[in-house]
Structures are given as C-alpha cells and as structure tokens.
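Everything on this sheet refers to the single structure shown next.
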Amino acid sequence: MHLPAETMNAIIYYLALPFLYLISYLPFKLLYLLSDGFYVLVYTVFAYRKKIVTENLKQSFPDKSSAELEHIRRGFYHYLCDLALETIKTLSISPAALKKHFSHDDISVLENYFNENQSVIIIMGHLGSWELGGAYFSQILVHQVYAIYHPMANRHFDRFFCRMRTRSGARLYPMKDAFKGMIRNRNEVTATVFIADQTPAPENAHWMTFMNQDTPVFKGTEVIARKLDYPVIYVSAIREKRGQYKIHFELLVEHPQRLTKNELTEVHTKRLQQDIIDHPETWLWSHRRWKHKKP
C-alpha cells in the first residue's frame, strides 16, 4: 500500500522522536562514545559523501600532501559525528551545562550597542558547533537574538527544529521573510544571525575567490545590512578541544552604508576563510559548496 507523503513524514517523525530525546539526555561522555561508533559507520562503512569531501579538500588546499588531506578528512568526519549529536543535545541541555562546554571572549562591543539602542547583524559560518553555540550566546547576549533559518519540507521536523532552536530564548525568521521581520521589529533592540556560507543560485550571487576556488556568495546579508545600516559582528564557535568551544565576537563593519558594493560580502567571507584555514576539520566539507560553476 502506497502511503501519502505527509503520512510517511509523520510516521518517520514519530518513530524518530523518542530516540532523539533519548540521545539528548545522554551525558557528554556517553554521547562521544556513541559518536565514535557513528564515525566508523559514517566514514568506513557508508563513506558518507566521501567523494565530495575529498574533492572539496583537494581544491581548497592544493599545496597540502595526501597525508595532510587525509588527516583533515578523518578529523572532519569525527567532528561531523560530534556535531550531529551535539545538535541533538540542544533539545534538553540546561544553561548550567552549556556553561561547562562554552566560554566567550569580550562582548563589550555588543553591550555598548545595546546601551545605545542599536540593533546589530551577526554573521557566522558552518564552523564549529553553531547550533549548540547559538543556544549559548542566546543566553549571554543582551540583544534579543533572531536567527534566520530555511524551513524544512517535513513540517513535523520543521516544528521540531524550531522548538529546539528557540528553547534558549532565540526567535526565528524564515529565510524569505527575514528583511520583513527585521523591519517589523525595528523598534526592538535585536541581534539577527545570518549563516552566510550557504550556496546561492549562481545568477543571484556575488562571485569571488574563496578557499582557492570561484565561489558564489549570498548578497542578501550585505543588501539588508546596507539598507538598515546595522553594525556587522562576526561570530565564531571555535573548538578548543572535544566538547569545549569558545565564542568569539569581532566587529567587522560599523556602518555598512559607507562601504562600496560587494565590499561587505568580501570582508565577511574572507574572515570566515581565515577561520577555516586555522581550523579546517571543523567546517562543513560535506556540503556541496562548489556545485555551481561561474557563468
């Protein structure tokens, strides 16, 4: 019997839900033991996207030896398994537990803007533990945090991830409604988070060299920043060791309207690139970031 897609989506969701919550309540030691088991399956047995990861690394680091690339690749797959389980941990982790696994550097730049009733834009990449890190800095920032997200096709999982991402106090904008939402909430002092290293349609992108390759970059972050003239803060969640992250806050641009066209896009993309070079195992190499060719 062929079941409707919506029915199948519901079945998959309700079957997965107990296991997701069970994993979220595991202590970190058991969580990482489980992650080690997943690593064997993901890397050795199923070779998840290994061809994509290998090609991305070769193109990004042409001067590295095969042994160096293999070291990064294995490190990435270990990190990917940790990341998946740490993300699930966001479902139930307490503020006190978050503080055991995260720290942050000086946030006075954000506090100063808040005291001036100035909203800001935060730019991040798929580097480090961005989901669990987002839960942490939602608690330490004085601004009301809004995160931009891409709605999922399965509405059950979409609601599930929305609950997960907002339980620490953040609020959400669907990607296509981000600017409207920021205008609607312009009287509120906010920090709106953009994940700026996804892959846009090539005809609507700014093309630049990123990780040694021609790369399309979303222009939407810059367009919104220039229209609103909000200060732009770069944030990274750097893994210092397994299970320990440090959040860094860095003022990139105070007045985006004073920059030339595409300058902000170049600035934040090059800043992310430096973090990737410094911490290559903890960027999302399995993403098909270079699937489009420059027109």
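Residues: numbered from 1 along the sequence shown.
With respect to Glu6 and Arg155, a salt bridge is recorded, a charged nitrogen being found less than 4.0 Å from a carboxylate O. A salt bridge does not link Arg163 to Asp158: none of the charged nitrogens lies less than 4.0 Å from a carboxylate oxygen. The existence of a salt bridge linking Lys270 and Glu266 is confirmed by a sub-4.0 Å separation between a basic side-chain nitrogen and an acidic carboxylate oxygen. Ion pairing of Lys58 with Glu55 is absent here, as no side-chain N (NZ or NE/NH1/NH2) approaches a carboxylate O to less than 4.0 Å.
Geometrically, Lys99 does not engage Tyr136 in a cation-pi contact, judged by NZ or CZ lying under 6.0 Å from the ring centre and within 45° of the ring axis. Lys89 forms a cation-pi arrangement with Phe28, by the criterion of a distance under 6.0 Å to the ring centre and an angle within 45° of the ring axis. For the pair Lys246 and Phe102, the NZ or CZ position fails the cation-pi test of under 6.0 Å to the six-membered ring centre and within 45 degrees of the ring normal.
Shown are Phe114, Tyr113, Phe249; of these, the ring-ring contact (aromatic ring centres under 6.0 Å, His included) with His143 is made only by Phe114.
At least one donor-acceptor pair closer than 3.5 Å links the side chain of His101 to the backbone N or O of Gly243. Of the possible donor and acceptor atoms, one in the side chain of Gln144 sits under 3.5 Å from a partner among the backbone N and O of Gly169. No donor-acceptor pair under 3.5 Å is formed between the side chain of Glu240 and the backbone N or O of Tyr245. Under the 3.5 Å distance criterion, the side-chain polar atoms of Gln273 are matched with a main-chain donor or acceptor of Met211. For the pair Asp229 (side chain) and Gln257 (backbone), a donor-acceptor distance under 3.5 Å is present. Side chain of Asp197 to backbone of His126: a donor-acceptor contact under 3.5 angstrom is found. Trp285 places a side-chain N or O within 3.5 Å of a backbone atom of Pro280 that can act as its donor or acceptor partner.
The two atoms that bring Ile52 and Ser286 nearest to each other are CG2-O, 3.9 Å, heavy atoms only.
Distance CG/Asn56 to CZ/Phe76: 9.0 Å, rounded to 0.5 Å. The NE2 atom of His206 sits 10.5 Å away from the CD atom of Glu263 when rounded to the nearest 0.5 Å.
For His279 and Trp283, the ring centers sit 6.0 Å or farther from each other. Outside the 6.0 Å centre-distance limit, the rings of Trp130 and Tyr149 are not counted as a close aromatic pair.
In this pair, Tyr39 and Tyr43 present their aromatic rings parallel. The plane angle is below 30°, not in the 30 to 60° band.
In terms of hydrophobic clustering, with Ile, Leu, Val, Met, Phe, Trp and Tyr side chains grouped at heavy-atom distances under 4.5 Å, Val267 and Val217 are assigned to different clusters.
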